[in-house]
Structures are given as C-alpha cells and as structure tokens.
Amino acid sequence: MRILISIGFFTLSLCGFAQQANNFISLRSKGDIPTDFTTLSTDKYKTDAAENKDGDLDNDFFLSTRFFMDELLLSGTVLFNDPVTNYLNKVAQYVLRNEPGLLKELRFYVLKSNTPNAFSTDQGIILFTTGLMAQLENEAQLAYIICHEISHYTEKHVRNEYVENQNIKKGRGEYRQLSYNERISKMSVYSKEKELDADQKGIDIYLKSEYSVEEIFSGFEVLLYSYLPFEDIKFDSTFFNTEHLIIPGALFPDTVNEITQEIDYDDVGHTHPNIEKRIDAAFDYLGDDKAIGDKKFVISEEEFLLMRDLARFENINIYLAQREYGHALYSIYLLKRKFPNNRFLDLAMVKAFYGLTKYKNNSRYNEVTEKVAKVEGESYVLHCFLKNVSREQLNVISFRHAYDMMNKYPGDKIFKDYSDDLKRELALKSNIDPDDFKAMSFDSHKETTTETIKTFDIEDSIRKVEASDLSKYEKIRLKKELKALGEVNVISTTDKEFYLYSLHDIVKNGDFIKELKEIKKEQEAIEEAEALERENVKYSIFKTSEHLGIDKVVVVDPLYENYKLNENRNHLKSEDKKLGLTDIYTQDYKKLDLETDLVDSKNLLKSDVDEYNDLGLLMQWLSEIVAHDEIDMIASNRDQMNDLSNKYGTSHFLFSGIFAYKERTQMKNAHWYGIMLVYTIPLVVIDLLIVHNYFEIVALSVDASTDKIEFVQSTEVNLKSIDGIMKAYVYDVLYQLSSEPKSKK
Amino acid sequence: MKRFISIVAAFFYLLVGFSQSGYLGKNNGLDLRISVGPSYRMVNEIDNLDRSVQRIKLATTSYSLSYTRVLTRNFELSLGYQFANVQCTVEDRFFKESVSVDYGPSYGSWYNSRLIDEPRIKYHGGVIGFNFYRLGSIAPIGKYVGFSFSFGRSVFDSTNTIVVGERDNNYIKNSFFKTVSNINSSDSISLATTAVNNWNLKARFGRNYPLTDFLILSVGMSFPIISSYRSGFNTQLGFQLNNIYKIDHNGNWISYLMNSVKAYHLVTIDIGLKFLF
C-alpha cells in the first residue's frame with residue numbers, strides 16, 4: 001500500500017512538473033519577500049558600519065556593497081520561493097545540514113540572466129544565474145558550486161579583496177614599490193588566488209556530502225563550455241518546415257565552426273584561473289582522500305531536471321527580451337525535442353521570427369544576428385541560415401509560422417496579434433508583389449519544373465532560333481540563354497524562391513492576395529493623409545505642450561540619483577531623496593485630472609511579491625522597447641503586459657528619473673579676458689569657484705497596448721533639486737500625460 | 001474701435017488659449033514685490049525739536065502689486081501697479097536767487113540758504129513685464145530673465161512745504177549716519193503743483209523659489225535700459241542723476257523732482273512674494 005501511495009505521489013509530482021513546463025510563461029517569485037529586499041540600503045549600511053570592528057574596512061566598503069547589491073536585488077530580476085530557487089535552497093540545505101549556524105547566515109537566490117555565473121557577497125547572499133542553472137548536468141555539480149560560493153563567504157573573500165585592492169590602488173605595504181601596471185596585474189593574481197582557495201575550501205565542504213567527487217571535475221568542464229548553448233546538437237535543417245513550408249536544405253551550411261575553447265586557455269586578465277589550473281589544483285588538493293559519496297543526485301533527479309528546464313525556458317524569455325533571436329531559436333530547437341507541443345515554445349518561436357523579420361524589414365538586421373565567424377559549435381548552422389536568409393524568405397517563414405500557430409491555438413489572442421502584424425509586414429515591407437505568390441505547393445512546383453526540363457529539347461530550340469528572322473544580336477542572346485539553361489541546375493536556382501509557394505494553401509483558399517493589396521492601399525492613404533496634415537500644421541511662437549489624454553498612469557520605480565562634485569554617487573542622499581520622490585509622484589494634485597499608481601522598489605512590504613514581480617517584468621519590457629527604438633513592433637512580453645494592464649486598469653506606464661549633479665564653470669576665453677582686465681579678476685575667481693547645481697529629469701511613458709513610447713521628455717535644469725522644484729517638474733510631466741487640467745473642463 | 005477690440009481679443013486669447021502647467025497647475029499669481037535700490041544720499045528733515053537733521057539714506061524702496069499669468073512653458077506676463085513714497089534726496093543744495101513769483105511769494109535773497117526740510121513725492125504707476133524662464137526652468141519657478149515697461153506720474157505731496165534756511169555750523173551730533181544741528185534762520189515755501197511723467201524700460205533677472213504649493217519667494221534684480229522723464233516740455237532721457245547744487249524757482253524745480261524720482265528707477269534688488277491660484 002505504501003509503495004502504491006509513493007508511486008501515486010511520484011506520478012502526481014511528475015504531472016505537476018509537466019504542467020509547470022507546459023503552462024510556462026515566466027519564472028516569478030512567490031510568497032513573502034525576504035528582508036534582504038525590504039530593508040532600506042541606508043539602514044543596512046548604518047547597521048553594518050556601526051557593528052564593524054574590522055579596522056581595515058572603511059565606510060566606503062559598506063556603502064558601495066550594500067547599495068550595489070540592493071540595486072540588483074530590487075531590479076525585479078532576482079527570484080525567491082520559485083521552483084528553481086527552492087531547489088537551489090534544498091541542495092544548499094543538504095550541503096550544510098551539519099552546519100545550521102552557517103546555513104542561517106546564508107540566503108540563496110536565482111538571478112534571471114543568461115550569463116552562466118554565481119557569486120556571493122559578504123552579507124551572506126549567494127546568487128546563481130538561470131544561465132548557470134541551465135548548463136548544469138546534475139545536482140552534484142550544483143552542490144559543488146554552492147560549496148565554492150559558501151567558501152567565498154566563510155573565507156571573507158569579498159572583504160579581503162576589497163582591502164587588498166585598496167592597498168594595491170593606494171600602493172600601501174608590499175605594493176609601495178610597484179608601478180601602476182604591476183599593481184593592476186597584482187589585482188588579477190590576487191583574484192585568482194582566492195578562487196583557488198574557494199575551490200579547495202569548497203572541496204572540504206563537498207566531501208562531507210554523498211555527492212560523487214567525479215562531478216567536481218565534470219562541473220569544471222561545464223564551466224569551460226558554458227559560453228556555448230546548453231547542448232551542442234546538430235541543427236536539423238527541416239526543423240522549421242511545416243506541412244506547407246519547405247525550406248530547401250541547401251540554404252543551410254554543411255559545415256560548422258569548430259569549438260576552439262581549450263582547457264588551458266590564456267587566463268591573463270581573467271578573474272578566475274583557467275580550468276586546467278583549477279582541475280590540477282583540485283586534484284592535488286584531493287590527493288589520496290577517498291570521498292564517501294558517489295551520487296549525482298541526492299535531493300531529486302526529477303526536480304533537478306524540472307528546475308533546469310524551467311531555467312532554460314526562462315533563458316528563452318531573456319534572449320527574446322535582449323533581442324538575441326538566433327540564440328532563442330536554437331534553445332527552442334533543443335527544448336522542442338523534449339517538449340514538442342509546448343505552447344510557450346511555439347509562442348517563443350513566433351516571437352523570435354517576428355523580431356528577426358521586423359529588424360530585417362527595418363534594415364537593422366545586424367543588431368539582432370550574430371557574427372557567424374564567432375559562433376562555435378552546431379548552432380553555427382542556424383546562425384548562418386539566419387544571416388543569409390533574404391527579406392522575402394524571412395517574411396514568409398515568419399508569417400507562415402505565426403499563421404499556423406494562430407490556427408493551432410485558435411482562442412489565443414497573442415498568436416493572432418503576431419500573425420496580423422506579420423501579415424502587414426508581408427504586405428508593406430517584404431518587397432514581394434502579392435501577385436507573385438503561387439497557389440501551388442513547392443513540391444508540386446519542383447515536380448512540374450523537373451518534368452518541363454526533362455521534356456524540353458534545348459537543341460531543337462536553338463535550331464528554331466537560328467532559323468528565325470530575329471536579328472543577329474537577338475539570336476546570339478537567345479542561344480546563350482538556352483545553352484545556360486542546359487548547364488545550370490534549375491532546381492537550385494528556384495530553391496531560393498520557395499517562399500512564393502509556401503503560402504499556397506492560404507492563397508488558394510481565401511482572399512489573401514486581395515487582403516494584402518488592401519493593406520497596402522490603406523497604408524498609402526494613411527501616409528498621404530499624414531503628409532497633408534504635416535503641410536497644414538500652423539506653427540505658433542507660443543509652443544504648447546500636448547495632453548496625451550491619459551486618465552491613469554502607473555509610475556514605475558522613479559529614480560533619484562545624486563552625484564557629488566567629484567562625480568561619485570551620493571548613495572545616502574540618493575535613497576533619501578528617492579523616497580521623497582515617490583511621495584511627489586503619488587500626491588493628489590487638485591488641479592490634475594490624472595490618477596497615478598505606483599510600483600516602487602523601495603518601501604516594499606513582505607506581502608508585496610506581486611509588485612516585485614511586476615517591477616521585474618516592467619523593467620525588462622522597458623529595456624526591450626527602448627532597444628527597438630523606432631521599430632514599431634510587439635514586445636516579446638506583450639502577453640504578460642496585457643495582464644499587467646488589466647491588473648492596474650491602465651496600459652500607460654511612466655518611467656522617470658532625476659539625476660542631480662554639481663559642476664563648476666569651466667575656464668573659457670571670457671575668463672581670460674576678465675583676468676586681463678585686472679579689475680574683473682574677483683568676478684572671474686567667483687565665477688570659477690561657484691558650484692552650480694543641476695539636475696536632469698527624464699520621463700518616458702510607454703503604452704502597453706501598442707508597445708510604443710508615447711511621451712519622452714528630458715530636461716536639464718540649472719537649479720538645486722529641492723522638493724518644491726522637483727514637484728514642479730514632476731507635475732509638468734504628469735500634466736502633459738493627463739487629459740486636461742480640471743479647471744479647464 | 002475695431003482695432004482696439006481685436007487687440008484686446010487677441011490678448012485675451014493669449015491669456016486663455018496657451019495656458020501651461022504653471023506651478024502645480026496654478027497659472028495665475030498675485031505678486032507683491034518690494035524693490036530696494038542702493039543709495040548714498042542725505043535726507044534733510046526737521047525733527048520734533050525744530051533742529052535740522054541730516055540722515056543718510058542707504059536705500060530707496062518702491063512697491064508693486066502685480067497679476068501674473070503663465071502663458072507658455074517658459075513665458076510669464078505680469079500687469080501691475082507700482083507705488084513709491086519718494087523722499088527727495090538730491091544732495092545738499094542752496095538758493096542763489098530769490099524765489100520766482102510764479103511759484104510763490106518772494107522771500108528775498110537766500111544766497112547761503114539751504115534746503116533743510118525736503119519735500120516728499122508720491123509716485124503711482126503701472127508696469128507691464130514678462131519673464132522668460134531659462135536654463136531648463138519652467139514658468140513660474142526657477143531662473144528667469146525679462147523686461148518690464150513701467151510708466152507713472154510723480155507729484156509733490158500737497159501737504160508738504162519746503163523749508164529753506166541756515167544751519168548752525170556747530171553740530172549737536174555728527175556721525176556717519178546722522179548729523180543734527182540747530183537752525184539759525186528759516187523760511188518755508190509752499191510748493192506749487194507740478195508733476196513729472198516718466199516711463200522706463202528695464203531688464204531684470206532673478207530666481208523664484210517655491211515655499212509652499214501656493215507661495216513663491218522671488219528674488220531678483222532689475223536695471224533700467226531706457227528712461228524718460230517729462231514735465232510739460234521739459235524731457236530728460238537717460239538714467240544718470242545730475243547733481244544740482246543750485247536751485248532757483250525759474251526752472252530747475254522740475255529737474256529737482258525728476259532727479260528725485262529717478263533714484264527710484266535705478267538698479268534695484270527685487271524681493272517678492274507671489275501667491276498662486
């Protein structure tokens with residue numbers, strides 16, 4: 001009976017895992033927000049600096065580390081209580097099962113990032129990236145990296161490195177006699193030394209577990225090739241083919257770029273020693289010690305695999321947001337082998353092709369494709385295909401996929417959005433004349449062509465040309481063409497035109513061609529109307545600002561950055577003023593007809609996990625929109641943003657920041673003239689000594705329903721950023737977003 | 001008339017049609033301003049003990065109350081009323097000839113007599129000005145430069161008389177700020193009604209600080225570019241004071257008055273409090 005129950009639970013958990021992967025949208029933090037996220041950086045700094053008894057550590061250390069770390073923690077990209085972090089914590093708890101005191105001091109989180117990395121801080125925060133989690137082969141490898149990072153904490157490497165770097169920079173102690181360049185290289189040497197130390201101390205912790213020692217070395221190899229995709233599998237040139245879309249294999253290269261990374265790569269300038277040195281050092285350190293463990297998994301293999309898949313899924317989201325569409329497609333290809341009918345992967349593929357098409361059509365394709373010479377391994381084939389695909393081909397491939405997916409998920413609006421927009425691209429920017437589309441499949445076309453060539457008698461045709469009344473020149477030309485027809489492989493030349501046959505079913509069954517022409521016609525009419533409107537604009541010397549007519553806006557984490565005269569960030573003032581700035585944004589302005597809601601990284605309560613997740617999504621969305629710049633396109637997380645718009649009751653999101661700084665007037669010619677006049681020297685001196693206060697207010701409002709930047713303002717102000725002044729500028733921004741002032745209604 | 005109506009309509013349109021965010025949505029303001037001009041002159045008065053007092057005057061003050069309106073993002077217009085209770089302070093001076101019958105009864109020759117109780121003048125005027133907010137400032141907050149056109153009329157305070165006479169050379173009190181001496185002989189002259197009309201074009205710059213959501217502190221400076229002072233056919237352009245040591249009733253009473261008024265239209269430091277609504 002007990003066995004049956006266990007099997008039942010196991011089956012249920014597997015179903016649950018499968019469900020998680022199938023319904024995947026994005027990794028989100030859950031539960032209560034840890035205090036690492038809810039405590040103000042200033043409080044952390046003051047507490048830690050006050051408790052510091054280490055004479056070598058100055059306040060700058062606490063200032064810079066607390067504020068830097070919090071910036072990362074509050075970016076919304078750090079995960080907690082999600083399946084990946086939970087699994088990470090389980091392994092860490094197992095590794096430290098005999099050291100509860102140390103375990104209590106440490107907090108493990110996962111950072112959404114494609115860069116394979118892990119790091120620890122002196123505060124006991126240890127972060128693993130999704131990029132690293134996606135690369136791991138087993139739990140033991142993860143356990144060893146956890147041990148390595150724990151060692152950084154226990155050995156106080158962050159503190160030691162800071163003190164050592166200060167000594168090196170200031171030329172204190174043994175570094176007094178060294179040149180600047182020698183000091184720089186010492187920094188790198190010291191960094192490598194502490195990495196080897198962490199490796200050894202990590203082994204000490206690791207050996208107390210049941211994990212296999214072999215996995216320490218396999219883990220190093222994982223790190224060696226972590227710059228490659230999580231698997232290196234030959235790309236199948238038929239992967240993009242569908243029932244109606246046949247991409248000729250000839251468009252994919254036969255060869256790949258070899259993987260060049262060697263185990264003993266040159267590590268000069270690296271913070272870590274090369275893998276060979278690390279393996280050798282670990283091997284020497286282990287000596288004849290026989291480890292007790294031989295396991296690759298202690299917690300759960302299934303959970304590890306799920307965690308890894310989720311990390312890989314999340315990395316696709318990151319690739320799409322970072323516009324690395326080629327990497328996204330290769331990851332999709334790899335994951336589709338395991339999840340052939342996964343909605344997330346289907347949607348991600350549509351998004352990736354959509355992104356590529358948009359950039360291709362806007363002549364910015366190089367921004368989103370890799371330099372193929374630098375791509376190593378099997379993914380080279382895919383990157384090479386993407387690099388060489390023509391605008392016409394890409395438009396059709398993208399539309400075909402979006403169209404098919406729209407039919408596969410009929411009630412899913414997001415697929416329809418992409419399909420509709422790609423249809424517009426096809427009509428307006430693909431360079432394809434709609435009449436050129438064929439109502440015949442590519443296979444049928446090839447068969448017909450082959451048959452025609454077979455039955456076509458070239459010699460007979462040449463004879464007919466010679467016997468004709470054509471001019472000498474025309475005869476020569478026609479004969480040349482006929483001879484060439486006999487020599488060239490006609491199939492390979494028509495291969496490139498596969499795209500004209502790829503929509504044959506759509507062309508055949510509906511008014512598709514008519515629809516494309518209609519779209520083009522409508523667009524031309526719109527452009528004409530706009531041109532006319534531009535001509536009729538009356539300019540006034542009284543330049544007025546336009547109201548966007550928004551009723552409600554969500555203010556997203558307004559920034560305040562304060563810089564001193566020496567250009568160093570004033571951390572304490574920045575945080576203090578930022579807290580005040582949020583009040584300014586949410587103040588009820590009597591004359592303003594605009595409702596504001598705030599998503600703020602500071603002042604988070606432990607129950608505000610949704611707000612924290614929203615913040616991460618909004619920041620990712622913004623960076624993607626800004627990167628797209630003038631390309632009018634659907635953002636990769638439009639589906640999630642739609643949910644967010646519904647939640648807040650508005651699709652308008654305002655991102656803003658105030659950057660305050662001080663400057664002295666630079667010496668100019670006028671000052672020299674002033675000095676020459678002698679009597680004006682005091683004025684010159686005063687002008688040069690006065691410290692001028694400036695601040696720059698930047699505001700950017702984005703409409704989530706269109707993914708368009710609807711309002712941008714950047715104003716440099718030669719004033720001190722006192723609250724009253726900032727209020728005026730914040731009001732001015734809100735005023736321009738609003739419908740109209742209440743008094744004018 | 002049509003032209004006048006169109007100008008008024010256009011002006012009204014400007015006021016209403018191009019309103020901007022202002023300060024927290026408030027585009028209108030009531031600005032109470034004190035203009036303080038530096039001075040280094042002696043005021044001649046008679047104290048309660050009938051002694052001649054010469055008191056140093058280090059500043060001239062005038063007042064204005066204006067309505068201001070933010071027209072565009074960086075542009076503010078103001079319409080106001082100016083007032084100054086002007087104390088004539090144009091140096092020490094004496095009479096060399098008898099007073100003309102045109103301006104009052106003849107008192108004989110006071111060649112060595114000096115003015116020992118100077119009259120006061122009332123100045124009433126209007127001012128139209130605009131400020132252009134610069135270096136990123138949004139009207140009506142921050143740094144501005146601007147121009148103002150003021151016009152007004154100055155008249156002797158009718159209750160005042162001018163007293164001429166001789167002071168005792170033995171001072172009762174003599175300091176940098178105040179000199180007190182007995183009056184050996186004196187006579188008073190009732191001042192005739194006369195007026196000076198003037199207009200000034202001034203440049204100004206300054207800075208506005210928000211104190212609360214509806215109060216702004218304004219600190220600035222203004223200086224004249226062109227000024228005109230006119231009384232009948234006598235017109236003086238410019239803003240330089242002429243030192244008048246000799247006054248006779250045949251002509252330079254008007255100059256005396258003009259120059260006293262001019263002192264209030266020189267470089268001034270303006271401190272104002274603006275109520276926004």
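Each chain gets a letter, A, B and so on, in the order the sequences are listed, and its residues count up from 1.
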task = State which residues pass ring-ring contact (aromatic ring centres under 6.0 Å, His included) with His652(A); sequence neighbours excluded, sorted by chain then number.
result =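 Result, ring-ring contact (aromatic ring centres under 6.0 Å, His included) vs His652(A): none returned.
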ask   = Which residues pass the ring-ring contact (aromatic ring centres under 6.0 Å, His included) test with Tyr23(B), sequence neighbours left out?
value =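 Once residues adjacent in sequence are excluded, Tyr23(B) has no partner under the ring-ring contact (aromatic ring centres under 6.0 Å, His included) criterion.
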message = Quick check: do Pro140(B) and Ile216(B) have side-chain heavy atoms less than 4.5 Å from each other?
response =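 SC-SC contact between Pro140(B) and Ile216(B) confirmed.
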task = Indicate the ring-plane relationship of Trp621(A) and Phe655(A), choosing parallel, tilted or perpendicular according to the 30° and 60° boundaries.
result =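 Judged by the thresholds at 30° and 60°, the geometry between Trp621(A) and Phe655(A) is tilted.
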inquiry  = Classify the ring geometry of Phe151(B) against Phe149(B): parallel below 30°, tilted from 30° to 60°, perpendicular beyond 60°.
reply    =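 Tilted: the ring planes of Phe151(B) and Phe149(B) meet at 30° to 60°.
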ask   = Side chain, backbone, both or neither: which part of Leu719(A) has an atom under 4.5 Å from a heavy atom of chain B?
value =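 Just its side chain gets close to chain B.
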task = Could you have a look at Thr715(A), Val717(A), Leu734(A), Asp723(A) and say which one has the most heavy-atom pairs with chain B under 4.5 angstrom?
result =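 Option with the top pair count is Val717(A).
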task = Apply ring pair (Phe, Tyr, Trp, His ring centres under 6.0 Å) to the pair Tyr123(B) and Tyr264(B), showing each step before the final yes or no.
result = CA-CA 10 Å; Tyr123(B) 170 81; Tyr264(B) 286 76; 8.3 Å; no
Under 3.5 Å, side-chain donor or acceptor atoms of residues 694-701 of chain A against the rest of the protein: list the pairs with distances, not counting sequence neighbours.
from: Glu696(A); atom 1: OE2; to: Ser714(A); atom 2: OG; distance (Å): 2.9
from: Ser701(A); atom 1: OG; to: Glu710(A); atom 2: OE2; distance (Å): 2.7

request  = Under 4.5 Å, heavy atom to heavy atom: which of residues 124-137 of chain B reach chain A? Give them by number, or say none.
outcome  =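 Those residues of residues 124-137 of chain B which have a heavy atom under 4.5 Å from chain A are Leu135(B), Gly136(B), Ser137(B).
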